[in-house]
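Before any comments, here is the structure.
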Amino acid sequence: MKQAISSPDAPNPAGAYSPALRAGDLLFLSGQIPINPATGQLVQGDAATQARRVMDNLGALLKAAGLSFDHVVRTTVFLADMDDFAVVNEVYASYFTEPRPARATVQVARLPRDARIEIDAIASYEAK
């Protein structure tokens with residue numbers, strides 16, 4: 001069984017996808033960019049500001065699914081500029097406790113709306 005998850009505290013999808021999808025004991029969170037859910041606009045600012053908005057968007061989806069960052073087991077961080085890695089990593093780390101999820105971080109040519117960062121995640125209802 002699959003169940004779509006959304007939240008008024010996370011941006012509406014900009015395409016034909018679910019913000020998050022539960023499949024069994026796993027929750028797959030679509031990539032989040034720094035969109036302010038109240039305005040639908042890209043949050044302006046440095047990499048840290050954008051990273052906080054992305055993490056807050058992910059947190060809203062986790063909460064809507066009855067989970068928290070403690071349930072996240074895997075993430076992928078997409079950066080427009082790898083020079084932002086240290087700043088983004090510091091913000092990212094503040095949302096997790098040990099053991100932190102597995103992660104890949106890659107630099108990409110371009111992100112939607114020319115965002116500096118996008119993060120997707122997988123969470124488990126079994127993990128905590």
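This chain uses plain numbering: 1 for the first residue, then up along the sequence. In what follows, every heavy atom counts, from backbone to side chain, and hydrogens, waters and symmetry copies are set aside.
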Practice prompt. Please determine, by modelled atom types, if Thr97 and Asp70 share a side-chain donor-acceptor pair under 3.5 angstrom.
Written response: yes

Next on the checklist: Test of understanding: clusters of I, L, V, M, F, W, Y form through side-chain heavy atoms closer than 4.5 Å, transitively. Do Leu67 and Tyr92 belong to the same one?
Outcome noted: yes

Separation between OG1 (Thr49) and CD (Gln44), nearest 0.5 Å, reads 10.5 Å

Rounding to 0.5 Å, atoms CG (Asp81) and CG (Leu111) come to a distance of 11.0 Å

Checklist entry - Are any non-hydrogen side-chain atoms of Asn89 and Arg103 less than 4.5 angstrom apart? => result yes

Between Ala123 and Leu62 the two heavy atoms that sit nearest each other are CB-CD2, 3.9 Å

Of all heavy-atom pairs linking Ala80 and Gln107, the shortest is O-CG, 3.8 Å

When every non-hydrogen atom of Val73 is compared with those of Pro101, the smallest separation belongs to C-CB, 3.5 Å

Check: Do Leu61 and Phe28 share a hydrophobic cluster, counting only Ile, Leu, Val, Met, Phe, Trp and Tyr and linking them when any side-chain heavy atoms are less than 4.5 Å apart?
Finding: no

### Query
Between Asp84 and Arg116, is there a side-chain N and carboxylate O pair less than 4.0 Å apart?
yes

Checklist entry - Does the side chain of Arg113 come within less than 4.5 Å of Ile35's, by heavy atoms? => result yes

Would a single hydrophobic cluster contain both Ile33 and Leu79, if residues Ile, Leu, Val, Met, Phe, Trp and Tyr are joined by side-chain heavy-atom contacts under 4.5 Å? no

dist Asn36:CG -> Arg53:CZ (nearest 0.5 Å) comes out at 5.5 Å

**Asked** Is there a path from Ile119 to Val87 through hydrophobic residues (I, L, V, M, F, W, Y) whose side chains come within less than 4.5 Å of each other?
**Response** no

| Would you say Glu90 has more than 12 foreign heavy atoms packed within less than 6.0 Å of its CD? | no

CD1 (Ile117) and CE (Met55) are apart, to the nearest 0.5 Å, by 8.0 Å

Any luck finding a side-chain donor-acceptor pair between Asn57 and Arg52 under 3.5 Å? no

Between the CD atom in Gln32 and the CZ atom in Phe78, the distance rounded to the nearest 0.5 Å is 12.0 Å

Would you give me the side-chain donor-acceptor pairs under 3.5 Å for residues 5-27, sequence neighbours excluded?
from  : atom 1 : to    : atom 2 : distance (Å)
Ser7  : OG     : Asp9  : N      : 3.0
Tyr17 : OH     : Ala14 : N      : 3.2
Arg22 : NE     : Gly24 : O      : 2.8

Here the pair of heavy atoms bringing Pro34 nearest to Val54 is N-CG2, 3.4 Å

Value for CG (Leu29) from OG1 (Thr76), rounded to nearest 0.5 Å, stands at 11.5 Å

In terms of heavy-atom contacts, Phe69 and Tyr95 come closest through CB-O, 3.3 Å

All heavy atoms of Ala65 vs all of Tyr125, minimum pair found to be O-OH, 3.0 Å

